[in-house]
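To start, the structure itself, in C-alpha cells.
Atom set for the values below is all heavy atoms of this structure, side chains included, hydrogens, waters and symmetry mates excluded. By convention in this document, chain letters (A, B, ...) are assigned in the order of the sequence lines, proteins followed by strands, and residues within each chain are numbered from 1.
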Number of protein chains: 2
Amino acid sequence: MDDYLFHLTRSALFAGVSEADAAALCDSLRCRRAFYPKGSVILRRGEYVERAGLVLSGVVQAERNGADGALRIVARHGALELFGDMLTASGIRKSPVDVVAAEDTEVLFLPLSELMRDGGSVCCEARMRMRLNLLSQLSEKYWALNEQLELLRAPTLRTRLARRLLAARRTRESDSFTLPGTRETLAAELGVNRSALSRELGKMMREGLFTARRGHFVLHDVAELERLAAQ
Amino acid sequence: MDDYLFHLTRSALFAGVSEADAAALCDSLRCRRAFYPKGSVILRRGEYVERAGLVLSGVVQAERNGADGALRIVARHGALELFGDMLTASGIRKSPVDVVAAEDTEVLFLPLSELMRDGGSVCCEARMRMRLNLLSQLSEKYWALNEQLELLRAPTLRTRLARRLLAARRTRESDSFTLPGTRETLAAELGVNRSALSRELGKMMREGLFTARRGHFVLHDVAELERLAAQ
DNA sequence: TTCCTTTCGTTGCAAATGCAACAGATTTTT
DNA sequence: AAAAATCTGTTGCATTTGCAACGAAAGGAA
C-alpha cells in the first residue's frame with residue numbers, strides 16, 4: 001500500500017498536518033517504512049530503541065516472559081498507533097519487552113530526536129504541530145497508566161470493579177457496553193484471581209447493580225456504583 | 001536570589017545548556033518567575049495548566065482530598081524538579097490535584113508549547129537539547145509510574161516488599177539505606193495496611209533477610225530477596 | 001449433529017490482609 | 001526534665017482473596 005500518507009494524517013501523531021507536509025516531513029526526518037510478516041520480531045528485549053514506530057497496518061504486540069516462563073501480552077497496538085515512543089524518548093532505557101508482529105504488519109519508524117531539531121524553513125508549522133502531538137501522546141500514555149494505578153490502589157475488588165465499569169461507561173458513553181477479552185483478561189486488569197472476580201460479579205449482580213453476560217455489561221444502578229467507586 | 005541561572009543549568013531540564021543559552025532561552029520563551037510563601041496555592045484542582053513549573057527553591061506539594069475528606073499528599077517536588085509538565089503536555093486535562101507551596105518557594109514557569117516552536121537562529125542547539133531533555137523527563141515519569149504499577153501487581157506483600165527494597169538498593173547502590181517517611185508512608189506505597197506491613201517486616205527479619213530500624217534498612221540475604229521479587 | 005476446547009460460575013478450604021486496640025519506644029514540645 | 005504527640009510492633013478476630021477442582025454452558029471443528 002503506497003497510499004499510506006492519507007492514513008498517516010489520520011493518526012494522532014500527524015493530527016492537523018496536511019498530506020503534503022507529512023510527506024515532506026517524513027522525507028526530511030528520514031523516516032523508514034518496514035514490513036514484518038506475522039510472527040516476526042520487530043524489537044528484542046534488552047535492545048536500545050532509537051526510533052518510535054507507527055503501525056501503518058496490522059497489529060503489534062509487546063510480550064514478556066513471566067516468572068514462571070509463561071508468555072504475557074503486555075500491550076497491543078493497532079493501525080495508526082504509536083509504540084516504542086517512551087523508550088526512544090528516554091534515550092537510555094533498554095526495552096523491557098519483545099515486540100512482535102501479531103499479524104502481517106507495516107511500520108513507519110520515526111527518529112524522534114530528528115523531529116526535535118529545528119528544520120530551517122521546512123514545514124516549520126507542521127513540525128511544531130507534530131512535536132505537540134508527540135507530547136500529547138506521551139502524556140496520554142502516562143495518564144492511562146495513572147488510571148490503572150488508581151484502580152489497583154482501590155482497597156477491595158468490589159471497588160475496583162465499580163471503577164472499571166464506570167470508566168468503560170465514560171468512554172463508551174453508554175450504560176451498556178462490551179469489554180474486550182475474557183474474564184481472565186478482566187481479572188488480570190483488576191489484579192485479582194479469576195474465580196474471585198466471578199464471585200464478586202455474582203454478588204453484585206444479585207444486588208441488582210448490573211447485568212453481565214460474557215463480555216457484555218449493562219449497568220442498572222449507576223448511583224450506587226459511584227458510591228462504591230468513591231471508596 | 002537573582003543568581004538562579006547557575007542553579008538552573010544543574011536541573012535535568014537544562015542539562016547540557018550553557019548559562020548564557022539558558023538566559024537567552026528563558027527570555028525568548030517568556031518564562032516567568034514567581035514567589036510563593038509557604039502554604040499558598042500555586043495551582044487549583046480543576047484548572048487547565050499551560051505552563052510547566054520548575055522549582056527554583058523550596059518545595060511544592062500535590063495534594064488531593066480522599067473519599068473521606070482526609071488530605072492525601074500525592075507528590076513532592078524539591079529544588080530543580082519539574083511539575084505540571086504532564087498536564088501541560090496533554091494540553092486538554094484539568095489538574096486532578098491542588099499544588100501548594102510546602103515552604104517558601106520560587107518557581108520558574110515554562111510555556112512548553114513555545115519551546116516546541118522553531119526559534120529561528122536563537123539558540124537552536126540549546127532548544128533542541130531542552131526538547132530532548134523534556135522528552136526524557138516525561139518518559140522517566142512514565143517509567144517511574146510503571147515501576148509503581150509492577151509493585152502493586154505483585155501477588156503478595158512479601159513480594160512487594162522484596163521488590164521495593166531491591167529497588168532502593170539499586171538507586172542507592174548499597175545494601176544499607178534509609179527510606180523516606182514513616183511506616184505509614186511505606187505501607188501506602190505498597191498499597192497495604194500498616195499493621196500488615198509491620199507483621200511481614202517482623203517475619204522477614206526473623207528469617208534473617210534484612211534488618212529494619214525506623215527508616216533504616218540493611219539487607220542481609222539479597223539472593224533470597226531476589227528470588228522472592230521474581231514472583 | 002457430535003465431539004472437543006474454551007470459558008464461566010460455584011464452592012470449600014487455606015492463606016493473606018484489614019481493622020481496631022493497646023503498650024512500649026521515640027521524638028517533639030512545653 | 002516532664003509532658004504530649006507520634007511512631008512502631010503485636011495480637012485477636014473478621015473479611016477478603018487465592019487456589020484447586022468440578023460441572024455446566026458456549027463456541028468451533030469434524
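Chain A approaches DNA chain D within less than 4.0 angstrom (heavy atoms of the protein), and the contacting nucleotides run 5' to 3' from D:dT16 to D:dA26. With a cutoff of under 4.0 Å to any heavy atom of chain A, the contacted region of DNA chain C is bounded 5' to 3' by C:dT7 to C:dG12.
The distance from atom CZ of B:Arg51 to atom CG of B:Leu110, rounded to the nearest 0.5 Å, is 9.0 Å.
Between B:Arg33 and B:Glu106 there is a salt bridge, since at least one side-chain N of the basic residue sits less than 4.0 Å from a carboxylate O of the acidic one.
Within the nucleic acid shown, B:Thr156 comes within 4.0 Å of sugar-phosphate atoms alone, with no base atom in reach, counting heavy atoms only. At the heavy-atom level, B:Leu157 lies under 4.0 Å from the strands shown only through sugar-phosphate atoms.
Nearest-nucleotide positions on DNA chain D for A:Arg213 and B:Pro155 put B:Pro155 closer to the 5' end. Mapped onto DNA chain C by nearest heavy atom, B:Glu200 and A:Ala212 fall at different nucleotides, with A:Ala212 at the one closer to the 5' end. Summary of the strand contacts: A:Arg199 and A:Met205 both lie near DNA chain C, and taking for each the nucleotide with the nearest heavy atom, the more 5' one is attributed to A:Met205.
By the salt bridge (Lys or Arg N to Asp or Glu O under 4.0 Å) test, A:Glu81 pairs with no residue at all, sequence neighbours left out. Every residue two or more places apart in sequence or in another chain that forms a salt bridge (Lys or Arg N to Asp or Glu O under 4.0 Å) with A:Arg227 is listed here: A:Glu224. With sequence neighbours excluded, no residue forms a salt bridge (Lys or Arg N to Asp or Glu O under 4.0 Å) with B:Glu147. In terms of the salt bridge (Lys or Arg N to Asp or Glu O under 4.0 Å) criterion, B:Arg45 has no residue partners (sequence neighbours excluded). Residues passing the side chain to side chain donor-acceptor pair (under 3.5 Å) test with B:Thr211 are B:His220, sequence neighbours excluded. Under the rule for a side chain to side chain donor-acceptor pair (under 3.5 Å), the partners of B:Arg169 that lie at least two apart in sequence or sit in another chain are B:Asp175.
Around atom CZ of B:Arg32, no more than 12 heavy atoms belonging to other residues, nucleotides or ligands sit under 6.0 Å away. Taking a 6.0 Å sphere around CD of A:Glu103, one finds it holds more than 12 heavy atoms contributed by other residues, nucleotides or ligands.
From one end of the helix from C:dT1-D:dA30 to C:dT30-D:dA1 to the other, with five pairs defining each end axis, the axis direction shifts by 50° (rounded to 10°).
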| request: Take B:Arg10 and B:Leu80 through the side chain to side chain contact (heavy atoms under 4.5 Å, CB included) test and state the conclusion after the steps. | output: CA-CA 7 Å; B:Arg10 264 66 190 167; B:Leu80 298 189; 3.8 Å; yes
| task | Could you go through the side chain to side chain contact (heavy atoms under 4.5 Å, CB included) check for B:Arg76 and B:Val60 one step at a time? | result | CA-CA 6 Å; B:Arg76 281 176 66 94; B:Val60 144; over 6 Å; no
| said: side chain to side chain contact (heavy atoms under 4.5 Å, CB included), that's the test. Do B:Thr105 and B:Phe35 meet it? Break it down for me. | reply: CA-CA 6 Å; B:Thr105 296; B:Phe35 175 79; over 6 Å; no
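Using a 4.0 Å cutoff on non-hydrogen atoms, no part of residues 158-166 of chain B comes near DNA chain C. Within residues 180-190 of chain A, the residues approached by DNA chain C to less than 4.0 Å at the level of any non-hydrogen atom are A:Thr182, A:Arg183, in residue-number order.
Contacts classified as salt bridge (charged side-chain N to carboxylate O under 4.0 Å, His left out) and involving residues 151-165 of chain B (residues at least two apart or in different chains) are given here: B:Arg158-B:Glu200, B:Arg158-B:Glu207, B:Arg164-B:Glu189.
B:Phe177 is not listed as a side-chain neighbour of B:Val218, based on a closest heavy-atom distance of 4.5 Å or more.
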